[in-house]
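In what follows, a structure is listed as structure tokens, so that the remarks can point back to it.
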Amino acid sequence: MGFCESLLKLFIEKIWLSVFMGKREHFRKIFPDGKTVLIALDHGLEHGPSDFSAGNLDPRKIIKLLSPKANGFILQKGIAEIARRENILKCPLILKLTGRSSLSPNQFQAVVASVEDALRLKADAVAATVYVGEKEEARMLSQLGEIQSQACKAGLPLLAFMYPRGPGIKNPRDAGVIAYASRIGGELGADFVKTYYSGNTNSFRQVVLSCPVPVVAAGGKKVSSRKALEEVRSVMDAGAAGVAVGRNVWQNNNPVGMLEAVYSIVHKGYSVEKAMGFLKK
Ligand code: FBP
């Protein structure tokens, strides 16, 4: 091998190493002890203002209140821009690169931001949704594949929201289809996967075991604090790497207490009973 060739090889190896190291460092920020509590706040696009109350309609309020105690915030780029400009985000940013409004009958997540946006906004990861079983599944899978390649080049981890739904899915809460959807995320190179809770610990264990990368459970519509915490306990008992919750934390009338309760189950192994103590403060 000539001098120039060796130099080129060394250069490529160094770049590859730095990208790989970068990804590992970002990942460690989101999973400080191998577990994570993420707050999802992309609902303004997905559902519109109706998900919020007068007290939290301004996303700044939720970000200021909860980001110092979370392992990551999942935001669309407009809200991420505001958070960076006003320096209010105090935890890792996971930038959502796809989205849809629920005004459209078309269940399709369009690419709405880029990996370059994520780098500019100093994100620690990017995220994209695929509706497995939908008519447009192929297009969303192809987008995920492209985002994965770009994220890998940039040294950013990818979180894939793998949601079974659409005409191909009889029961979106069936553990078999959730396991299949999550597995697809792993097959396509996602670094971690967010998916639905299947309703009990044993079936969710199958989801976790079927996926080659860490799985975090999505929250869902607001339920009682106890029920939400029981779900968190169950997904952790099933071997999940954590949760990515939105409404069940920031729609709670004690959002900080609820986040602390979730955090105590995920990171400290608390029982539901003990975690409920944070809501009584
Ligand atoms: P929640 O914990 O509030 O359910 O948030 C999870 C999430 O995936 C959000 O990131 C997203 O905005 C919303 O649910 C989408 O919900 P749906 O796909 O049911 O419209």
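Numbering of ligands and ligand atoms starts at 1, following listing order.
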Measure from [atom] to every heavy atom in [options] and give the option owning the shortest one.
{"atom": "atom 6 (C) of ligand 1", "options": "K194, R247, Q107", "value": "K194"}
{"atom": "atom 13 (C) of ligand 1", "options": "K221, Q76, K96, H47", "value": "H47"}
{"atom": "atom 18 (O) of ligand 1", "options": "Q251, R165, E46, K222", "value": "R165"}

D237 backbone acceptor or donor facing R205 side chain under 3.5 Å: yes
cation_pi(R139, F108) dist<6.0 Å, angle<=45: yes
A218 and ligand 1 - part of the residue with a heavy-atom distance under 4.0 Å: neither
Contact partition for Q109 relative to ligand 1, non-hydrogen atoms under 4.0 Å: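 Near ligand 1, Q109 shows nothing, with every heavy atom at 4.0 Å or more.
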For G219, atoms of ligand 1 separated by under 4.0 Å from a heavy atom: 2 (O), 4 (O)
Where ligand 1 meets H43 - atom numbers and elements under 4.0 angstrom, heavy-atom basis: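 Contacts of ligand 1 toward H43, numbered from 1: 1 (P), 3 (O), 5 (O), 9 (C), 12 (O).
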Contact check: V245 vs ligand 1, nitrogen or oxygen atoms, below 3.5 angstrom: no
Intermediate values then yes/no, salt bridge (Lys or Arg N to Asp or Glu O under 4.0 Å), K69 and E260: CA-CA 7 Å; K69 292 172 189 288; E260 284 174 337; 3.1 Å; yes
Side-chain donor-acceptor contact under 3.5 Å, Y131 with E137: no
Between Q109 and E134: side-chain donor-acceptor atoms closer than 3.5 Å: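 Side-chain D/A pair, Q109 to E134: absent.
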So is [X] touching ligand 1 or not, going by heavy atoms under 4.0 Å?
{"X": "S102", "answer": "no"}
{"X": "D42", "answer": "yes"}
{"X": "N248", "answer": "no"}

For S198, all residues meeting side chain to side chain donor-acceptor pair (under 3.5 Å), sequence neighbours excluded: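 Partners of S198 under the side chain to side chain donor-acceptor pair (under 3.5 Å) test: S203.
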Shortest non-hydrogen contact from A113 toward K96: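 Shortest heavy-atom separation between A113 and K96 comes out as CB-O, 4.0 Å.
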Atom 2 (O) of ligand 1: nearest protein contact (heavy atom, Å): G246 N, 2.8 Å
Nearest-neighbour protein heavy atom for atom 8 (O) of ligand 1, which is reported as residue plus atom name and distance: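 Ranked first by proximity to atom 8 (O) of ligand 1 is Y163 OH, 2.5 Å.
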Ring centers of F31, F192 separated by less than 6.0 Å: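 Yes.
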Verdict with supporting geometry, F52 and L41, side chain to side chain contact (heavy atoms under 4.5 Å, CB included): CA-CA 11 Å; F52 304 97; L41 186 58; 3.8 Å; yes
